[in-house]
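In what follows, a single structure is set out as C-alpha cells and then discussed.
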Amino acid sequence: MKELEDKIKKDGEILPGEVLKVGKFLNQQIDTELLKHMAEEVERLFKGTKITKVLTIEASGIPFATAIAMKLSVPMVFAKKSITSNVSGEIYTAKVYSYTHKNTNHISVSKAYLNEGDEVLICDDFLANGKALEGLISIVEEAKAHVAGAVVEIEKVYQNGGNSLREKGYRIESLAGITRMTDEDIEFN
Ligand code: 5GP
C-alpha cells in the first residue's frame, strides 16, 4: 500500500536490532486518515471472505483491529499480554516470545469471546518471526474457530515468519512488506 510505504519512509525510525519505530503515525500517535485507508484496503483484500470476528493482541494491534472490525461490522477481541486468573479454566492461553522486548508473555483470551464456528481475521501491527500470529492462531484453533486469514500493517519479509505461516496454508496479507532495511534506506516488495 503506497500511502503506508511513503509514510514509513518519511516518518519511520530504524532502531538497533532491526526494529522499526512507527510511534509517530501508527503506534502512539495515530494518523487516523491513514488508519481509515488501511481498514478500507483490508476490506477490499478480504471481500468475499466470511469474517465474524477480528482478533489482535494488546496494545499496538488494537487501533488497526478496531478500524477493520468497524469496517466489517463485527466485534473486535484482543488478547491480553498476561494471565489474570484461570482458576476455572475460562481462558485460552498461548506462550508468545516478544521480538521487541526479548521476553515471553503468556497471552490470554476469555473463552466467552471466541466460539466454535467463528471465522476469525487475525490482525497485528508487525509480522517479524511470526510468534505473535502463531500464538493467536493457536488460541483460535483451541476455540475450534477457524482462521479466515491474517493481516498485518507491516511485514518484515526477510524475517520469514510470514512465509513459514503461508507454507502451513494460512492466508497472510501485509499492507507493506519490507525486504531490506538499512540506516539509509527501506526497500519494499
Ligand atoms: P513476531 O512475533 O512476528 O516476531 O513479531 C511481531 C510482534 O513484535 C508485533 O506484535 C510487534 O508488536 C512486535 N514487532 C516486531 N518487529 C517490530 C518492529 O520492527 N517494530 C515494532 N514497533 N514492533 C515490532
Side-chain angles (χ1 to χ4, degrees), residues 1 4-31 34-35 38-39 42 54-69 76-83 92-109 120-141 147 149-189:
M1 188 180 163
L4 176 58
E5 291 176 1
D6 289 347
K7 195 77 177 167
I8 293 168
K9 282 205 177 212
K10 183 167 165 277
D11 287 333
E13 285 172 67
I14 299 162
L15 303 184
E18 304 214 30
V19 170
L20 177 66
K21 197 173 165 209
V22 290
K24 195 168 175 186
F25 57 103
L26 288 184
N27 275 356
Q28 185 167 16
Q29 171 171 254
I30 292 164
D31 180 330
L34 174 63
L35 183 63
M38 290 194 296
V42 174
V54 172
L55 176 69
T56 191
I57 182 167
E58 67 176 354
S60 46
I62 291 176
F64 184 46
T66 305
I68 293 167
M76 188 282 278
V77 177
F78 66 88
K80 297 198 172 193
K81 274 190 181 157
S82 60
I83 297 177
Y92 298 115
T93 65
K95 256 201 271 184
V96 173
Y97 178 75
S98 164
Y99 176 80
T100 38
H101 297 106
K102 310 275 179 256
N103 63 2
T104 300
N105 291 304
H106 287 80
I107 66 168
S108 67
V109 175
V120 182
L121 176 63
I122 298 174
C123 308
D124 203 2
D125 58 344
F126 275 87
L127 170 55
N129 295 309
K131 300 300 166 203
L133 289 193
E134 278 172 23
L136 293 169
I137 288 171
S138 85
I139 282 178
V140 171
E141 293 179 346
V147 178
V151 60
V152 295
E153 292 170 325
I154 303 169
E155 176 177 357
K156 293 192 284 185
V157 179
Y158 58 90
Q159 279 179 280
N160 244 356
N163 285 334
S164 74
L165 288 167
R166 289 182 186 100
E167 276 163 23
K168 288 182 189 158
Y170 295 103
R171 178 176 176 193
I172 311 289
E173 301 281 353
S174 53
L175 303 186
I178 297 178
T179 48
R180 193 162 164 270
M181 198 161 73
T182 65
D183 286 346
E184 292 82 44
D185 198 25
I186 299 179
E187 287 172 17
F188 297 97
N189 57 8

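Note: hydrogens, waters and symmetry copies are ignored here, and every other heavy atom, side chains too, is used. Order of listing sets the numbers, starting from 1, for every ligand and every atom in it. The model shown is predicted, which means the values in this text are computed figures rather than measured ones.
- Atom NZ of Lys80 sits in a sparse spot, with 12 or fewer heavy atoms from other residues, nucleotides or ligands closer than 6.0 Å.
- Under the rule for a salt bridge (Lys or Arg N to Asp or Glu O under 4.0 Å), the partners of Glu173 that lie at least two apart in sequence or sit in another chain are Arg171.
- Here salt bridge (Lys or Arg N to Asp or Glu O under 4.0 Å) pairs that include residues 161-170, with residues two or more places apart or in two chains, are Glu155-Arg166.
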Per-pair distances, ligand 1 N/O vs protein N/O, less than 3.5 Å:
| unit_1 | atom_1 | unit_2 | atom_2 | d |
| --- | --- | --- | --- | --- |
| ligand 1 | 2 (O) | Lys131 | N | 3.0 |
| ligand 1 | 2 (O) | Ala132 | N | 2.8 |
| ligand 1 | 3 (O) | Ala128 | N | 2.8 |
| ligand 1 | 3 (O) | Asn129 | N | 3.2 |
| ligand 1 | 3 (O) | Gly130 | N | 2.7 |
| ligand 1 | 4 (O) | Asn129 | N | 2.8 |
| ligand 1 | 10 (O) | Asp124 | OD2 | 2.7 |
| ligand 1 | 12 (O) | Asp125 | OD1 | 3.3 |
| ligand 1 | 16 (N) | Lys156 | NZ | 3.0 |
| ligand 1 | 19 (O) | Leu20 | N | 2.8 |
| ligand 1 | 19 (O) | Lys156 | NZ | 2.7 |
| ligand 1 | 20 (N) | Leu20 | O | 2.7 |
| ligand 1 | 22 (N) | Leu20 | O | 3.2 |

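- Taking Glu141 as the reference, Ile137, Val147, Tyr170 meet the side chain to side chain contact (heavy atoms under 4.5 Å, CB included) condition, with sequence neighbours excluded.
- Judged by distance alone, with hydrogens and angles left aside, the side-chain atoms of Lys81 form a donor-acceptor pair with the main-chain N or O of Glu58 at under 3.5 Å.
- The pair Lys9-Asp185 meets the salt-bridge criterion, since a charged nitrogen lies less than 4.0 angstrom from a carboxylate oxygen.
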